[in-house]
Amino acid sequence: MSIFLYYQEANINIIQEGAVKGLSPQDFQRLINSPEVIAIKVDGQLKDLSEITEINPEVPVEFITINSKEALHIYRHSASHILAHAVKELYKDANFAIGPSTDEGFYYDIDMSHTLSPEDLVQIEKKMTEIIKSNSPFVKKKLRRKDAIEFFKARQEPYKVELLQEINDDEVTIYDENGFIDLCRGPHISKTGRIKAFKLLSIAGAYWRGDEKNKMLQRIYGTAFFTKEELKAYLDYLEEVKRRDHRKIAKELDLFSINDDIGPGLILWHPAGAIIRKTIEDFWREEHIKADYQILYTPHIARLNLWQTSGHLDFYKDNMYSPMDIDDISYEIKPMNCPFHISIYKSSLKSYRQLPIRYAELGTVYRYERSGVLHGLMRVRGFTQDDAHIFCREDQLEQEILKILDFTIFILKTFGFSSYNIYLSTRPEKYVGSLENWQKATSALSKALDLKGLQYEIDQGEGVFYGPKIDIKIKDSLNRSWQCSTIQVDFNLPERFDITYRGSDGKSHRPIMIHRALMGSLERFFGVLTEHYAGAFPLWLSPVQAIVLTISEKVNDFAMEITNHLKQKNIRIELNNENEKIGFKIREATLRKIPYLVIIGEKEANDKVITIRIRNGNNMPPMTVEDFANLLTKQIINKE
RNA sequence: GCCGAGAUAGCACAGUAGGUAGUGCAGCCGAUUCGUAAUCGGCAGGUCGGGGGUUCAAAUCCCCUUCUCGGCUCCA
């Protein structure tokens, strides 16, 4: 997006978006000098402000202003150059790889002898501030590519040379910022002094070109904003992310743990986490039965042969654990549930009238994940998929996809996720199945999405080798995306297992198989849920839904009566009649994020009513325990 | 797996001229019976992740190892 600005006295007002023609030279100069203009597009070509000396009124120009995403990227990219400049000043042997802007900030990959520590970032920031203060211009220069190669060879910048060798153009551009010269397409801000707010955030290792066969470089992450306020807001956001970290909340609320003695990536569900999981599972099963799925249970291990037939030993071996021997026969712990479901399908002859058959299972699988990638519940080695396999006829495919989409969105909405990023992944270079089938399946997927009015992006060539897929990423309350749901068409397994159905023509036909998971894995979904709600789960999921707090021992009998009453109504209720002050009990219960606190004092005991304090700190008017039980029951049923 | 940083009581953390461990909360005991986010006092709790080495002496220095964290790569 770009915006045309109009100046009025010293102020600049936004009056129009898009490209304009016929600006007067005076207007043009004023705009170029405006602190709100970062770069310019002349006839659609992105340029530095410094490149333009005069204006042709016939040519449309667009000003890239600071409220656009494009401007922020340019700005951050310039900040990364300044970072590199500062590093070069401090560490003479530093060699530079790439330093792009990202959606969150920028980074630069550096190769040097000194190993960076967090304290070094302070020094680098200082140096950057000096460079910004010096307000030196970014000067763009054009070079013939081979001259540029010679130039960077002479400067002993091997990564730049390598990059240059892969550029196809004869001419390249470099930017000179007060002697710090970097290969760069640009554009850049006009002068370093325009950077108003930045911060270096972290150091990390990163492979040259992201390939683990290459040398590991040191990456410095940072971010930059147009104003200090925006930077502050972003840093606050990072704090909020930390505060909501499901690993931290899990400790506070005693939800789950991971224990060295058990093993990395293996989850122990504590009572509070387990009751939430059970509630999710019960809901899941009920809804699947309503949606005409059939629930299955299958073993955790199977003979190696099965995985040979399925092909997993060929294409999924890296993620599978070593086999174990039982009576001289090799068995493998399952990384997937599909072969089991197929075996159940095959256990009897199927008629076209029976299709579609929808098998669903909360199937626990084990996959080898490299030690460095494990992360709380989000990335584990043993997890339970809310898996289902649908066997259908070709003419049923589209209808089935539609049903799955509806079902997915219903389930996700129930958990409070109502905005998504959807991706349709198409045929990759290596694939099985006929082109015709791919074509049919892909159009069935896209047609279903269109019919539902769901916006999606196409991930060209990112499908699995056995079929196209739809991935649904949910957005949480901090607007972060999480991959959970996936719907995949499979042409491979029906062939490999030779599954068939008997058609109306009396002949054998090959069904189409759809793999789908809505929550993905219960572990990850629970982790996302925890962060989404910051541990304050909605009533129907809360481990303890209400707690009775007594003010003194005198009301113990009435409190017990209330507790028992609510327990009889299937409310997850606790009683705290310990000898503590009410303020302390409220604090304890609030920290546990219990939705409702039932406060019982002599007043309540005398009037036979209860006082309710809601999680947000507000009180409800006194009511009878029957009314309270009805209120909770209604909310639980409605999953409010 | 790779780069870097870590691991001290249930939890959060102190503890660098190397001289056999502290604080707060939680737990237990006692007192207090107190109306909306912490009442007071006492007690107990750790072979300082594990193994090896240097030293008269190691939480502290060195090596190995396991795990955790931030990334890279990969993924539900």
Side-chain angles (χ1 to χ4, degrees), chain A residues 107 109 111 115-120 201-221 242 245 247-248 251-252 254 257-265 316 318-319 335-337 363-365 367-387 464 471-473 482-486 488 515-528 549-556 577-592 597-604 611-615 617-619:
Chain A
Y107 65 83
D109 284 350
D111 186 11
T115 302
L116 288 166
S117 69
E119 298 83 68
D120 295 329
L201 298 170
S202 61
I203 308 159
Y207 299 107
W208 166 234
R209 317 204 123 181
D211 187 336
E212 65 185 51
K213 290 186 198 81
N214 289 337
K215 184 168 185 185
M216 177 146 300
L217 311 173
Q218 301 188 68
R219 174 173 294 181
I220 300 175
Y221 279 99
K242 265 191 212 159
D245 191 315
R247 294 165 300 186
K248 184 171 177 289
K251 263 183 203 157
E252 291 162 1
D254 203 10
S257 65
I258 300 169
N259 185 312
D260 285 6
D261 295 332
I262 310 281
Y316 208 70
D318 290 349
N319 285 294
M336 299 212 184
N337 303 303
T364 304
V365 297
R367 299 181 183 174
Y368 172 71
E369 295 288 350
R370 306 215 279 179
S371 61
V373 306
L374 300 172
H375 179 96
L377 291 174
M378 305 301 191
R379 195 70 184 273
V380 295
R381 285 182 173 162
F383 59 98
T384 302
Q385 292 182 304
D386 68 319
D387 210 357
V464 203
D471 285 327
I472 300 175
K473 295 190 179 182
W482 301 97
Q483 157 88 62
C484 293
S485 318
T486 182
Q488 309 182 349
H515 308 249
R516 51 108 279 199
L518 310 184
M519 298 181 283
S521 91
L522 286 170
E523 284 75 7
R524 178 179 292 178
F525 192 75
F526 181 58
V528 173
L549 309 178
T550 54
I551 289 173
S552 81
E553 276 177 7
K554 294 173 203 151
V555 297
N556 274 357
N577 59 4
E578 279 173 20
N579 183 6
E580 282 293 348
K581 291 168 99 170
I582 192 67
F584 182 80
K585 292 186 188 179
I586 287 174
R587 179 183 155 78
E588 257 187 346
T590 306
L591 289 174
R592 289 173 64 194
L597 316 187
V598 180
I599 295 174
I600 308 279
E602 290 192 77
K603 206 164 64 191
E604 286 78 8
T611 299
I612 310 297
R613 182 183 156 116
I614 314 170
R615 186 157 51 184
N618 294 333
N619 269 10

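Reminder, nothing fancy here: chain letters follow the sequence lines and each chain counts from 1.
Taking a pair to require two hydrogen-bonding distances under 3.5 Å in either a Watson-Crick or a G-U wobble arrangement, rC28(B) pairs with rG42(B). Remark: rA7(B) base-pairs with rU66(B); criterion is Watson-Crick or G-U wobble with both hydrogen-bond distances under 3.5 Å. Of the nucleotides present, none pairs with rG35(B) by Watson-Crick or G-U wobble criteria with both distances under 3.5 Å. Searching all strands for a Watson-Crick or G-U wobble partner of rU20(B) with both distances below 3.5 Å returns nothing. Under the Watson-Crick and G-U wobble criteria, each requiring two contacts below 3.5 Å, nucleotide rU54(B) is left unpaired. Across every strand in view, rC75(B) sits unpaired, with no contact that passes the Watson-Crick or G-U test at under 3.5 angstrom.
Between Glu602(A) and Glu580(A), the residue whose closest nucleotide on RNA chain B is further toward the 5' end is Glu602(A).
Counting heavy atoms from C-beta outward, Ile220(A) and Gln218(A) have side chains that stay 4.5 Å or more apart. Annotation: side chain of Arg379(A) is in contact with side chain of Arg524(A) (closest heavy-atom distance under 4.5 Å). Taking the side chain as every heavy atom from C-beta outward, Arg592(A) and Asp254(A) never approach each other to under 4.5 Å. By the 4.5 Å heavy-atom criterion applied to side chains, Glu604(A) and Val555(A) are not counted as neighbours.
Atom pair Glu588(A):CD and rG27(B):P shows a separation of 7 Å (rounding to whole Å applied). A straight line from CD1 of Ile582(A) to P of rU39(B) spans 12 Å, rounded to a whole angstrom. The CG-P distance, from Asn618(A) to rA37(B), rounds to 12 Å in whole Å. Rounded to whole angstrom, the span from the CD1 atom of Ile258(A) across to the C1' atom of rU66(B) amounts to 15 Å. One interatomic measurement links the two molecules: NZ of Lys581(A) to P of rC40(B), which rounds to 8 Å at whole-angstrom precision. Put simply, CG on Asn259(A) is 12 Å from C1' on rU66(B), counting in whole angstrom units. Here the P atom of nucleotide rU33(B) and the NZ atom of Lys603(A) are 21 Å apart, to the nearest Å. If you measure from atom CZ of Phe584(A) to atom C1' of rU33(B), you get 16 Å, rounded to the nearest angstrom.
Residues passing the side chain to side chain contact (heavy atoms under 4.5 Å, CB included) test with Lys248(A) are Asp245(A), Glu252(A), sequence neighbours excluded. Every residue meeting the side chain to side chain contact (heavy atoms under 4.5 Å, CB included) condition with Ile551(A), not counting sequence neighbours, appears here in chain and number order: Ile582(A), Ile599(A). Judged as a side chain to side chain donor-acceptor pair (under 3.5 Å), and not counting sequence neighbours, Tyr368(A) has no contacts.
A salt bridge links Lys554(A) to Glu602(A): one of the charged nitrogens lies within less than 4.0 Å of a carboxylate oxygen.
Tyr368(A) comes within contact range of the sugar-phosphate backbone alone, with a heavy-atom separation under 4.0 Å but no base atom that close. Nucleic acid contact class of Glu119(A) (heavy atoms, under 4.0 Å, all strands): none. Within 4.0 Å (heavy atoms only), Lys554(A) reaches sugar-phosphate atoms of the nucleic acid but no base atom. Residue Ile551(A) is in base contact, counting any heavy-atom pair closer than 4.0 Å across all strands shown. Counting any heavy atom pair closer than 4.0 Å across all strands shown, Leu591(A) reaches a base atom.
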Can you name the atoms? Protein N/O to nucleotides 8-17 of chain B N/O, anything below 3.5 Å, with the distance.
from, atom 1, to, atom 2, distance (Å)
rA12(B), OP1, Lys251(A), NZ, 3.2

So which protein nitrogen or oxygen atoms get under 3.5 Å of nucleotides 44-50 of chain B's nitrogens or oxygens?
none

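When distances are taken from the side chain of Glu553(A) to each of rU33(B), rU36(B), rC34(B), the shortest belongs to rU33(B).
What you find for Asp386(A) and Gly520(A) is that their closest heavy atoms are OD1-N, 2.9 Å.
For Arg367(A) (side chain) and Pro335(A) (main-chain N/O), a donor-acceptor pair under 3.5 Å exists by modelled atom type.
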## Note on the structure
Letter by letter from the 5' end, nucleotides 70-76 of chain B scores (B base, S sugar-phosphate only, - none; protein heavy atoms under 4.0 Å) BBBBBBB

